[in-house]
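A short write-up of the structure that comes next.
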Amino acid sequence: MTSPTKIERPRGAHDVVPVEQPLWRLVIGEAERLCALYGYRPIVTPVFEDTALFERTSGAGSDVVQKEMYTFEDRGGRSLTLRPEGTAPICRAYVDHGMHREPQPVKLYTVGPMYRYATPQKGRYREHWQLSVEAIGSEHPSVDAEVIQLYHALLTRLGVSEFALALNSIGCRECRPAYLARLSDWLTANLERLDAPTREKAAASPLRVFDNFDAKPRAVQEALEHAPKIGESLCVACKEHFEAVRRDLDACGVPHEIVPTLVRGLDYYTRTTWEFVGPDQGAQSALSGGGRYDGLVEEIGGPPIPGVGFGAGIERLVLAVERAGVQASPWETDVFLAPSEGASRELIASWLGELRARGVASDTDYADRSLKGQLTQAARVGATTIVQVRADGATLRRRGQKDEEVALDDVLARLTS
Ligand code: HAM
């Protein structure tokens, strides 16, 4: 009989195994604590959505829509897509549940998996986890600064210091059309200086020529340095809005650099856009990215409501935290019960039940290990107290203290006192 072939994990997907969990929990726990501190409430949306939600909002010219979506037809013939990002689904839920009737802005966040069919590499996955933080219903520049400052605070709290904040404003419905016309003219006149992918972008969606700017060939970067930039064409209202965002950031001590080529890869952005960039090179360098999306809610059939927020990859944050040398405490077990021959298993089962009911994390051996093997296992699970249980009594071994002989009837009281 041939043995069945091993089933592999899908390419670009990853497990988060128990040894990685302490760091993941540290990162997600800190993010959730900060969101609560800043008044953002959790929301959970489905992992799949109507394909049109992403087509309409991310933009036909975006990499996400053109080549990265996991789209499928369900058994009822509907076109569904595994969410590539969290903003459009949260806005869809905002409209669905009439949240525009609540006090504004509605401040929400989610942590969940996102799906993008891209070539996997370090820091880039086909399934990645993302913290998505959104403030919907206010165009106040202080909200832009608040969400930016929130992520800055998260990095600081997690001990990450190797990053820079790139900031830009990409204008609004009023000032962008005239700019796009200028940019298109420049691109037409300079086509021979661009590579094939950038030419394709120029034809499909001119602003997208700046996507992944740092990953472009040097010559193309140099050519695009001379292209007109949106920052030079902002209307008065956009300029004032941007200056107010910057003043708030300065007031909060959040250093930033203006990067005129930062346009972000999705079509829904207006005005403020930003990225927190880590030390890695290329397209995976972004620790998080976000911006304002004042037309998105309307685009999906809701009222004309502005919004602003960011998405932050959890894997990239975990890598940054590891790089910063931060250690998360491993699992801790309070008590490990180590039975030796003749010890009553029923007594141990009842002690475990009692200890756990009282909130004492406890465990025992289920592999008939020798005493030495049990002590190793107790150390592996981080037990601070080991109880060697015999038929006629027990030895209590507490970390940093002298061993103690205890009668079986007294063990529970000693462990819970
Ligand atoms: P995004 O820049 O496409 O924006 O993604 C946000 C963050 O998710 C990135 O900065 C990166 O940390 C992480 N990320 C994206 N793709 C991958 C991947 N393939 N593997 C690992 N990490 C990845 C958005 O998704 C917007 N929804 C952000 C936003 C929220 N804008 C306004 N509100």
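Numbering of ligands and ligand atoms starts at 1, following listing order. Quick note: numbers below take in every heavy atom, side chains included, and nothing from hydrogens, waters or symmetry partners.
Applying the ring pair (Phe, Tyr, Trp, His ring centres under 6.0 Å) test to residues at least two apart or on different chains, the pairs with a partner in residues 154-207 are His152-Phe163, Phe163-Phe276. Note on residues 129-139: pairs passing side-chain hydrogen bond (donor to acceptor under 3.5 Å, both in side chains), not counting sequence neighbours, are Thr87-Glu134, His128-Gln130, Ser132-Glu134, Glu134-Tyr293. Judged as a side-chain hydrogen bond (donor to acceptor under 3.5 Å, both in side chains), the pairs with a partner in residues 156-170 (not counting sequence neighbours) are, in order, Glu30-Arg157.
By the 6.0 Å contact criterion, OH on Tyr38 is enclosed, its count of non-hydrogen atoms from other residues, nucleotides or ligands being greater than 12.
Between Ser340 and Gln388 the shortest side-chain heavy-atom distance does not fall below 4.5 Å.
Under the side chain to side chain contact (heavy atoms under 4.5 Å, CB included) rule, Thr71 has a single partner from Thr81, Val65, Leu82, Leu80, which is Thr81.
Ordered by chain and residue number, the residues placing a heavy atom less than 4.0 Å from ligand 1 are Glu85, Thr87, Arg116, Gly123, Arg124, Tyr125, His128, Gln130, Glu134, Arg264, Leu266, Tyr268, Tyr269, Ala286, Leu287, Ser288, Gly289, Gly290, Gly291, Tyr293, Gly309, Phe310, Gly311, Gly313, Arg316.
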